[in-house]
There are 4 protein chains.
Amino acid sequence: MIDRILSATAQVLAEKGYAGLSTNRVAAAAGVSIGSLYRYFADKNELIEQLRARSSADVLADLTGALTAAVTMPARDGVHHILSVLVHAVQRHRAVTTAMIAEAPLGAHGNILPEVERQLAQMTRLFVAVHAPGLDPLEADARIHLAMGVTLNACLRIALDPPPGVTEDRLISLTADLLVLGLVPDL
Amino acid sequence: MIDRILSATAQVLAEKGYAGLSTNRVAAAAGVSIGSLYRYFADKNELIEQLRARSSADVLADLTGALTAAVTMPARDGVHHILSVLVHAVQRHRAVTTAMIAEAPLGAHGNILPEVERQLAQMTRLFVAVHAPGLDPLEADARIHLAMGVTLNACLRIALDPPPGVTEDRLISLTADLLVLGLVPDL
Amino acid sequence: MIDRILSATAQVLAEKGYAGLSTNRVAAAAGVSIGSLYRYFADKNELIEQLRARSSADVLADLTGALTAAVTMPARDGVHHILSVLVHAVQRHRAVTTAMIAEAPLGAHGNILPEVERQLAQMTRLFVAVHAPGLDPLEADARIHLAMGVTLNACLRIALDPPPGVTEDRLISLTADLLVLGLVPDL
Amino acid sequence: MIDRILSATAQVLAEKGYAGLSTNRVAAAAGVSIGSLYRYFADKNELIEQLRARSSADVLADLTGALTAAVTMPARDGVHHILSVLVHAVQRHRAVTTAMIAEAPLGAHGNILPEVERQLAQMTRLFVAVHAPGLDPLEADARIHLAMGVTLNACLRIALDPPPGVTEDRLISLTADLLVLGLVPDL
DNA sequence: GATGAATGAGGTTTCATTCAT
DNA sequence: AATGAATGAAACCTCATTCAT
């Protein structure tokens with residue numbers, strides 16, 4: 001039932017946008033009474049939050065796999081792989097991601113994929129520690145913060161609003177180059 | 001009158017957030033009747049859209065100045081200058097920008113600063129043409145699209161959600177390095 | 001408009017009881033849109049509170065007159081007069097009083113007629129000071145507190161739930177006797 | 001089971017107040033399914049009514065004892081004893097009584113303690129017949145009706161909302177004096 | 001008997017928008 | 001042009017009650 005309602009939420013989000021997302025509409029779309037919806041979700045916020053969490057968890061699962069695989073690759077290839085996986089994960093959740101990023105009042109729900117950013121940042125810190133051990137920690141943090149922004153933003157752009165005439169892979173490659181250069185300039 | 005209403009809109013946005021932005025509240029804050037508000041703005045959407053446009057235009061004015069000045073500088077310095085100006089412009093409009101980015105359903109109003117991105121992209125195309133004349137046009141467009149994402153996202157992050165422990169200037173420098181490297185790798 | 005809504009509230013209260021008092025019902029009974037109701041009353045509570053206040057003020061007006069008149073009468077006659085006026089005032093507001101006393105969650109709105117009790121208590125304190133100057137103040141307060149209960153309770157019983165076979169006037173007389181005896185035992 | 005549910009009702013009433021009293025909450029507090037609650041009580045009203053009846057019966061038991069004891073006492077002492085017992089009984093049921101008097105729509109459930117009033121009235125009639133045999137029956141009824149109001153009201157006031165600075169016993173004494181005077185003026 | 005998931009009418013409240021003045 | 005009282009659709013949410021298991 002919870003799943004049915006969450007899926008209905010995603011569907012309403014896709015069809016009517018965030019502004020058109022009402023609990024009644026969701027209940028109707030789920031073929032469930034409004035009372036039942038409130039049996040499983042304390043309020044509208046929790047509904048949205050859980051949808052976000054579900055998408056986040058799903059993307060996170062992919063990311064974890066990609067990170068594991070990336071460890072054994074040359075740096076640039078690893079970054080490319082991770083980006084590629086992220087782009088596809090975002091595309092798979094296009095409906096939710098679009099609505100949540102492009103339409104939801106972000107302030108209300110924090111960043112869309114905070115867990116993803118956190119995990120990615122952690123892994124990146126490790127990567128930097130290994131490949132550029134001499135880097136000042138503060139400096140490293142600054143670069144990582146920057147890199148996180150670049151990564152997530154690029155993935156979203158590539159997945160949801162790609163420029164015409166270029167392959168997705170080329171865009172990912174460019175981004176990977178940029179990240180490796182930016183993170184470990186002396187490589 | 002239009003200006004008074006738009007300023008009131010910005011003020012309400014700053015004080016009550018996007019969720020607290022109601023046409024009646026705006027009219028009251030502007031010292032204008034709600035009827036008058038609807039004489040000048042077809043509906044709430046238009047009100048928001050025009051506020052966005054006004055902020056965008058304001059930032060654009062700064063940007064144009066920065067671009068003009070940047071032309072005569074060494075590439076990296078020019079990029080740094082532009083970023084710096086953008087960061088401060090965003091900070092100056094913090095209230096509106098925050099509310100619009102962090103709270104407004106962006107989908108309803110397109111990107112926050114589309115004119116800024118367009119102008120920046122145009123200028124960047126010129127820059128690339130000069131400094132890397134051999135670059136394939138499609139390839140150039142891909143890089144520029146990527147760079148636009150990096151630039152705007154970085155400026156917003158630096159202006160609105162900076163990481164602790166690093167100076168703003170260091171962040172801008174890092175971003176400038178990244179952009180120059182990414183755009184004209186052979187420099 | 002405020003008056004129309006308050007009167008409609010009283011009417012709904014009389015017809016449907018406190019439990020049946022909904023803002024929508026009140027608006028409909030007043031021939032007013034629900035939006036208008038909320039223009040004049042912040043919420044349901046304020047609506048009820050203002051109705052109570054209005055009835056209270058009305059009763060209070062009568063009471064003030066009765067107190068003034070009572071001053072020049074012999075004690076027992078004065079008390080009788082006051083009781084009589086109160087009984088009739090309550091009867092005049094039967095609908096509201098009944099609903100508010102018998103049905104409203106009193107806790108939500110304090111005592112029904114706090115202003116009436118306060119004014120009556122004040123006057124009584126004066127009366128006691130004059131007629132029984134030797135009485136210990138604490139003792140006097142206890143008697144007054146008791147007398148207030150007796151007075152209001154008796155008035156409500158006489159007005160709203162009189163026993164059969166006895167005239168209202170007889171009941172009032174009995175109550176007056178009781179009060180005088182109880183308040184100033186040495187008279 | 002019935003008892004468990006009624007006790008849970010009292011507990012919820014004490015903790016959440018009348019407005020917070022929902023059948024689901026009661027069932028949960030009783031550790032019973034909502035379905036079971038509805039097997040034993042036709043609807044919410046019956047639940048409340050039976051709780052009232054239970055409290056009433058409990059107070060009644062005390063009252064009966066007090067009346068028996070009072071028979072052998074001098075009039076004033078007997079009245080004092082009865083009042084004292086009532087005050088303490090009300091205090092013992094403070095939670096329920098408060099919620100029912102101060103919050104419940106009384107109209108929905110009649111007077112809080114009708115059985116108590118009835119028994120007390122009966123006993124009082126007897127008392128009056130003995131101590132003032134010459135009194136006209138109608139006149140007697142009027143006095144008794146009045147006395148019932150005074151008695152119950154005073155007990156509630158003393159038990160639940162006593163004035164500061166006076167002992168409970170003093171208040172009871174005053175009330176007893178008043179009642180004896182009022183009922184049998186020629187004593 | 002017991003369960004508790006499911007129902008849905010109905011409650012309070014907000015707010016974009018209109019229109020008579 | 002300006003006003004602002006009035007509107008009413010629609011949002012979120014509660015809770016008494018039912019009924020298949």
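Order of the sequence lines sets the chain letters (A, B, ...), proteins ahead of strands, with each chain counted from 1.
- Distance, C:Lys44 NZ to E:dT14 C1': 18 Å, rounded to whole Å.
- Across all non-hydrogen atoms, the minimal contact from D:Val26 to D:Thr9 is CG1-OG1, 3.5 Å.
- Residue D:Thr23 has a polar side-chain atom (N or O) positioned under 4.0 Å from OP1 or OP2 of F:dA16.
- In this structure, the CG atom of C:Asn45 is 11 Å from the P atom of E:dT12, given to the nearest Å.
- Protein atom OH of C:Tyr40 is 12 Å distant from nucleotide atom P of F:dG4, rounded to whole Å.
- When both pairing distances are held under 3.5 Å, E:dG8 makes a Watson-Crick or G-U pair with F:dC15.
- Between B:Glu46 atom CD and E:dT17 atom C1' the separation is 14 Å, expressed in whole Å.
- Remark: P of F:dT3 and CG of B:Leu37 are 11 Å apart, rounded to the nearest angstrom.
- When all heavy atoms of D:Tyr18 and D:Leu13 are compared, the closest pair comes out as CA-CD1, 3.8 Å.
- The OH atom of B:Tyr18 sits 19 Å away from the P atom of E:dT14 (whole-angstrom rounding).
- With DNA chain F read from its 5' end, the first of the two nearest nucleotides for C:Gly31 and B:Ser36 is the one closest to B:Ser36.
- Look at A:Arg118 and A:Glu115 and you find no salt bridge, because none of the NZ, NE, NH1 or NH2 atoms lies under 4.0 Å from a carboxylate O.
- In this structure, the nucleotide among F:dC12, F:dA1, F:dA16 sitting nearest to the side chain of D:Ser22 is F:dA16.
- Listed nucleotides: E:dT13, F:dG8, F:dC12. Nearest to the side chain of C:Ser33: F:dG8.
- For the pair B:Arg39 CZ and E:dT17 P, the interatomic distance rounds to 16 Å; values are reported in whole Å.
- Using a distance-only test at 3.5 Å, with no hydrogens or angles considered, a donor-acceptor pair links the side chain of A:Arg94 to the main chain of A:Ala159.
- Across all strands shown, D:Leu21 has heavy atoms under 4.0 Å from sugar-phosphate atoms exclusively, and none from any base.
- Remark: F:dA20 base-pairs with E:dT3; criterion is Watson-Crick or G-U wobble with both hydrogen-bond distances under 3.5 Å.
- Taking atom NZ of A:Lys16 as the reference point, atom C1' of F:dA11 lies 15 Å away to the nearest angstrom.
- Comparing A:Gly20 and C:Val32 by the nucleotide of DNA chain F that holds the closest heavy atom to each, the one mapping nearer the 5' end is C:Val32.
- Of the listed nucleotides (F:dG4, E:dG4, F:dC13), F:dC13 has the atom at the smallest distance from the side chain of A:Tyr38.
- Sequence order on DNA chain E of the closest nucleotides to D:Ile34 and C:Asn24 puts D:Ile34 first from the 5' end.
- B:Phe41 comes within 4.0 angstrom of no nucleic acid atom, judged by non-hydrogen atoms across all strands.
- Here the side chain of B:Asn153 pairs no donor or acceptor atom with the backbone of B:Leu156 at under 3.5 angstrom.
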